[in-house]
Every structure is written in structure tokens, then in C-alpha cells.
Amino acid sequence: MAEENISKNLMDAAFKKKNSEEEQKVKEDEKATVGDIITFQKDGQQFEAVVTSANLQNSVVCDMTIMDDFHERNLDFEKTVVAQTNYSIKKRRDA
């Protein structure tokens, strides 16, 4: 009986791990890559930027100068770092 419970627990753990790995693969497809245009909000404002580096584990570096009103916004920096959970992909780069 104890061996059956251990075996069942091992099978459950393996199943959960496999599902987790499959979910990660789906999430990888949702991550932006270099050249993608993303949108995000910061300090109550909507921003648009092009991804310049996607080598960070949970974030991307992006260039906001693609916005038509970039200079009018008087931003301190041309580039910023955005967490992957805080942006949406507006347009994928041209292949």
C-alpha cells in the first residue's frame, strides 16, 4: 500500500513537471525578440518601443524613440527595461 502511494506521488510529480515545462514553451512564444514593437504602461502613460535586446532572463531592453511624440514627452532616457509580464507585442519584426 505504501509503495503504491509513493509510486502514485512520483507519477503525479512527473506529470506536473511535464505540464509546467509545456507551459514554459508556450510562454517562450509570447516573449518579444529583437526588432519587435511592444507597448507598455509606465507612470500612467502608454508607451511604444522597439526591442533592442532580449538577452535578459525576464525583461527586454527597448528604444522608445520610435514614438512620434517622444521629444514632446521630455523623457530622461531613450531606452528602458521592461519586464516580460508588463508589455504586449504590438507587431513582430519583419522576417
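Just so it is clear, the structure is predicted and the values come from calculations on it, not from any experiment.
Annotation: the span from Glu78 atom CD to Thr52 atom OG1 amounts to 11.0 Å, rounded to 0.5 Å. One finds the OG1 atom of Thr39 at 14.0 Å from the NZ atom of Lys91 (value rounded to the nearest 0.5 Å). Taking CE of Met67 as the start and CD of Glu72 as the end, the distance is 10.0 Å to the nearest 0.5 Å. For the atom pair Glu48 CD and Asp68 CG, the distance stands at 8.5 Å (nearest 0.5 Å). To the nearest 0.5 angstrom, Ser59 atom OG is 6.5 Å from Gln84 atom CD.
The local environment of CD in Gln41 is crowded, with over 12 non-hydrogen atoms from other residues, nucleotides or ligands closer than 6.0 Å. The local environment of CG in Asp69 is crowded, with over 12 non-hydrogen atoms from other residues, nucleotides or ligands closer than 6.0 Å.
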* side-chain contact (heavy atoms from CB on, under 4.5 Å) between Phe47 and Thr80, worked out -> CA-CA 11 Å; Phe47 293 93; Thr80 191; over 6 Å; no
* **Check against salt bridge (Lys or Arg N to Asp or Glu O under 4.0 Å), Asp36 and Arg92** => CA-CA 5 Å; Asp36 290 349; Arg92 291 283 185 182; 2.8 Å; yes
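When hydrophobic clusters are built by joining Ile, Leu, Val, Met, Phe, Trp and Tyr residues whose side-chain heavy atoms come closer than 4.5 Å, directly or via intermediates, Phe40 is grouped together with Val60.
Checked by atom type and distance alone, the side chain of Tyr87 never pairs as donor or acceptor with a backbone atom of Ala49 at under 3.5 Å. Under the 3.5 Å distance criterion, the side-chain polar atoms of Asp43 are left unmatched by any main-chain donor or acceptor of Gln45.
The two atoms that bring Ile37 and Ile66 nearest to each other are CG2-CD1, 4.0 Å, heavy atoms only.
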